[in-house]
Amino acid sequence: MQKSKEVFKVDLTTKKLSDVDEVRFSDIHCRERYDLQEWIVSKPSILGEDLLIIQKEFDGFEGTRERLDLLALDKKGNLVIIENKTDDSGNNVVWQAAKYASYCSALDNNQIKEIFSKYLNKSEEDAKKEIFDFVNNANYDNFEELSLNAKNTQRIMLVARKFRKEVITTAYWLSGFGIDISCVEINPLKSDENYFITTRLIFPIKEIKEHLIKLAQKEKNEQDEQNNLLTRYKLRRDFWRELGIYFKKESRLFDNVSFENIIDNWLGVGANIRSGISFCFIIRKEGCAVEFTIATDNVAFNKKTYDLLESHCLEINKKLEKQGEKMLWDKGNGKRSKIQLINDSLSLYNKDQWEEIKKFLTEGMIKFEEVFSSYAHDIKNIK
């Protein structure tokens, strides 16, 4: 036996401390299944948080006779796979627990309810109510809507008196992939004829866990953004290809412009008035537009051109606007002015609206070319 460096016995009379001995589970004849496991069942909070044990020695895995030590729910409704070892974690415990987590990942609300009901030896209604009470969800009539065991939320909790280095390093490596895994050290102690245990989260320590959570969330956000970007790019490519086929049947304005493999949200063509003056299609998640753009390298010219057109604003709007559409006039800073016909009710993300979007953009562009080309002579005479 060795002396505990963390726990001491207090004698209030003599005002002295005495050592408490660290012992091995084997020294006091404690076994994994019949002792350590039962201690955790009787007080799950010794693992450092509130847990609802829903089954022990769970073996409900198809095609295998393997069984995990303890299955629990945390306060967020995530499944927690608890694997217990006594004096030595061994070197295969992570792989063992990871298998069990993968087996459990497919469990749905009703299966979890049934598992817990068998554990309690009570009705499924009783089990359902206890789960609701534990996760603080008062919506008792909508159990199916309760988020239990959501995708990739399974947690692994390893328990032992001592952990091998390879177990900790593997846990650290897995945590970098967003897997929630922790190692809890439980030490049995003896003083005279009294026995005690101490528990300590050795991985991840609180500061590291918070950092890992933030890092995992950051990586998830970046991946989500990348996935959203790829989705937008594919939608745009598909839409521009369809618009090109549709538009070129009605107008020759974009005959020399390719609509293939375009991932931007705009596509333009010169207005044959002056370099820097163009017509543009614009598509967005919310809304789409046809635009007349004034962006030559001569700021004074841009401002005069915009002022000329704005002096005919009412006349131009009357020719272009239809019900459900609106005109936007934006002089900007003179480097780039724009006049847009907008329909905010159409969305690129709604494929059911693509025919309507193509019709709006095509008809709008044909009218834009007709209306603004009628001012080409006056614009070309601006000094």
Side-chain angles (χ1 to χ4, degrees), residues 76-77 105 108 142 144-147 149-153 178 214-271 278-295 317 320-330 332 336-369 371-372:
K76 293 181 180 179
S105 64
D108 61 24
N142 292 300
E144 296 304 325
E145 296 178 8
L146 181 61
S147 180
N149 195 31
K151 183 178 180 181
N152 297 331
T153 61
K214 291 178 181 177
L215 186 62
Q217 186 61 50
K218 177 176 179 289
E219 291 176 353
K220 181 180 183 301
N221 291 342
E222 290 174 349
Q223 185 60 53
D224 288 347
E225 179 58 30
Q226 181 65 24
N227 291 339
N228 289 337
L229 194 61
L230 292 174
T231 299
R232 289 200 298 272
Y233 286 170
K234 184 179 186 308
L235 282 173
R236 290 172 185 172
R237 279 196 299 267
D238 293 347
F239 177 79
W240 286 128
R241 187 179 300 114
E242 288 191 22
L243 179 64
I245 296 170
Y246 187 97
F247 183 82
K248 288 181 179 182
K249 292 178 181 178
E250 305 296 330
S251 170
R252 302 193 62 185
L253 179 61
F254 278 76
D255 273 2
N256 295 324
V257 177
S258 173
F259 284 76
E260 296 294 322
N261 298 316
I262 306 299
I263 61 174
D264 293 319
N265 75 325
W266 65 275
L267 183 63
V269 67
S278 59
F279 294 109
C280 288
F281 293 119
I282 299 171
I283 54 172
R284 304 185 184 96
K285 181 178 180 180
E286 300 297 337
C288 53
V290 178
E291 179 177 289
F292 183 73
T293 312
I294 308 165
N317 285 356
L320 296 176
E321 271 185 326
K322 292 190 342 185
Q323 186 174 2
E325 303 169 358
K326 63 182 179 181
M327 291 293 295
L328 171 69
W329 290 73
D330 182 4
R336 183 178 185 277
S337 301
K338 60 187 179 183
I339 304 166
Q340 291 183 340
L341 176 66
I342 301 170
N343 189 323
D344 284 332
S345 67
L346 301 175
S347 171
L348 173 68
Y349 280 53
N350 186 347
K351 282 194 164 188
D352 291 339
Q353 294 183 339
W354 279 17
E355 287 302 315
E356 192 176 351
I357 296 173
K358 289 186 290 185
K359 186 173 185 293
F360 163 74
L361 292 177
T362 298
E363 291 180 355
M365 185 60 73
I366 291 173
K367 287 192 292 183
F368 258 48
E369 181 186 18
V371 171
F372 289 107

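All values reported here derive from a predicted model rather than from experimental measurement.
For the side-chain hydrogen bond (donor to acceptor under 3.5 Å, both in side chains) condition, the pairs that include at least one residue of residues 347-357, sequence neighbours left out, are Glu355-Lys358.
With sequence neighbours left out, Thr153 forms a side chain to side chain donor-acceptor pair (under 3.5 Å) with Asn78. For Lys359, the side chain to side chain donor-acceptor pair (under 3.5 Å) partners are Glu363, not counting sequence neighbours. Applying the side chain to side chain contact (heavy atoms under 4.5 Å, CB included) test to Ser278 and every residue at least two apart in sequence or in another chain returns Cys280, Thr293.
In this structure, CE in Met365 is found 6.5 Å from CG in Leu253, a value given to the nearest 0.5 Å. Expressed to the nearest 0.5 Å, how far CZ of Phe368 lies from CZ of Phe279 amounts to 8.5 Å. Atoms CZ and CD1, from Phe360 and Ile283 in turn, are 12.5 Å apart once rounded to the nearest 0.5 Å.
Nearest approach of Asp255 to Ser251, heavy atoms of both residues: OD1-O, 3.9 Å.
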Could you go through residues 257-270 and list every donor-acceptor pair under 3.5 Å that involves a side-chain atom there, pairing it with any protein atom two or more places apart or in another chain?
| unit_1 | atom_1 | unit_2 | atom_2 | d |
| --- | --- | --- | --- | --- |
| Ser258 | OG | Glu260 | N | 3.2 |
| Glu260 | OE1 | Arg241 | NE | 3.0 |

Distance-only check: which donor-acceptor pairs under 3.5 Å involve side-chain atoms of residues 336-345, not counting sequence neighbours?
| unit_1 | atom_1 | unit_2 | atom_2 | d |
| --- | --- | --- | --- | --- |
| Arg336 | NH2 | Glu291 | OE2 | 2.6 |
| Ser337 | OG | Lys331 | O | 2.6 |
| Gln340 | NE2 | Glu291 | OE1 | 2.5 |
| Asn343 | OD1 | Ser345 | N | 3.0 |
| Asn343 | OD1 | Ser345 | OG | 2.6 |
| Asp344 | OD2 | Lys326 | NZ | 2.9 |

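Side-chain contact check for Leu243 versus Phe239: some heavy-atom pair is nearer than 4.5 Å.
Aromatic ring pairs are classed by plane angle as parallel below 30°, tilted from 30° to 60° and perpendicular above 60°; the pair Phe254 and Phe247 is perpendicular.
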For this session: Assess whether side chain to side chain contact (heavy atoms under 4.5 Å, CB included) is satisfied between Asp108 and Asn149, documenting all intermediate values.
Result: CA-CA 7 Å; Asp108 61 24; Asn149 195 31; over 6 Å; no
